[in-house]
Asks: 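Below: one structure in structure tokens.
Numbers for residues simply follow the sequence, beginning at 1. Just so you know, these numbers come straight off a predicted model, no measurement behind them.
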Amino acid sequence: MCGICGILSTQHGIDPLVVERMNAVLRHRGPDDEGYLVADTASGVFSQRTGNDTVPPLKNTLKSIRVTEALFSNLAFGHRRLSI
């Protein structure tokens with residue numbers, strides 16, 4: 001049983017760490033993997049991010065959700081994966 005969460009804002013930027021906290025609440029739905037998508041829909045800039053439970057091959061190639069580096073985002077999704 002996997003889980004997803006997200007925020008879409010038309011007024012203000014989104015703090016990606018809010019989505020990380022939302023995703024942490026869903027950990028019981030999928031403790032085997034997690035990932036994030038942070039986006040600025042106006043400019044079309046999308047960034048895949050990792051979390052604490054991201055599988056090692058991806059964790060070594062993508063940036064952490066905690067590395068925000070001035071990315072304006074108005075859309076953020078998080079997901080949890082349960083391996084069966």
Asks: Mind checking what makes side-chain hydrogen bond (donor to acceptor under 3.5 Å, both in side chains) contact with Ser43, not counting sequence neighbours?
Replies: Asp40
Asks: Is there a path of hydrophobic side-chain contacts, each under 4.5 Å between heavy atoms, that joins Ile65 and Met22?
Replies: yes
Asks: How close do Val38 and Ser73 get, counting heavy atoms only, and between which atoms?
Replies: CG1-CB, 3.3 Å
Asks: Can you hop from Leu26 to Phe77 via hydrophobic side chains spaced under 4.5 Å?
Replies: no
Asks: So which heavy atom on Val19 is nearest to which on Ala76, and how close?
Replies: CG2-CB, 3.4 Å
Asks: Is there side-chain contact between Leu37 and Ser47, with at least one heavy-atom pair below 4.5 Å?
Replies: no
Asks: If I compare all heavy atoms of Ser83 with all of Asp32, which pair ends up nearest, and what's the gap?
Replies: N-OD2, 2.5 Å
Asks: Grab the two heavy atoms, one from Phe46 and one from Ala39, that are nearest each other, plus how far apart they are.
Replies: CD2-CB, 3.2 Å
Asks: Just wondering, do Arg49 and Val67 contact through their side chains at under 4.5 Å, heavy atoms?
Replies: yes
Asks: Please identify each residue that fulfils side-chain contact (heavy atoms from CB on, under 4.5 Å) with Asn52, with sequence neighbours left out.
Replies: Glu34
Asks: Has the side chain of Asn60 got a donor or acceptor atom that lies under 3.5 Å from a matching backbone atom of Pro56?
Replies: yes
Asks: For Arg80 and Cys2, work out which heavy atoms get closest and say how close.
Replies: O-CB, 3.2 Å
Asks: Between Val18 and Ile7, is any pair of side-chain heavy atoms under 4.5 Å apart?
Replies: yes
Asks: Not counting sequence neighbours, which residues clear side-chain contact (heavy atoms from CB on, under 4.5 Å) with Thr61? List them please.
Replies: Leu58
Asks: Among residues at least two apart in sequence or on other chains, which ones pass side-chain hydrogen bond (donor to acceptor under 3.5 Å, both in side chains) with Thr41?
Replies: Asn74
Asks: With Arg27, which residues qualify under side-chain hydrogen bond (donor to acceptor under 3.5 Å, both in side chains), at least two apart?
Replies: Asp53
Asks: Could I get the full list of side-chain contact (heavy atoms from CB on, under 4.5 Å) partners for Val25, not counting sequence neighbours?
Replies: none
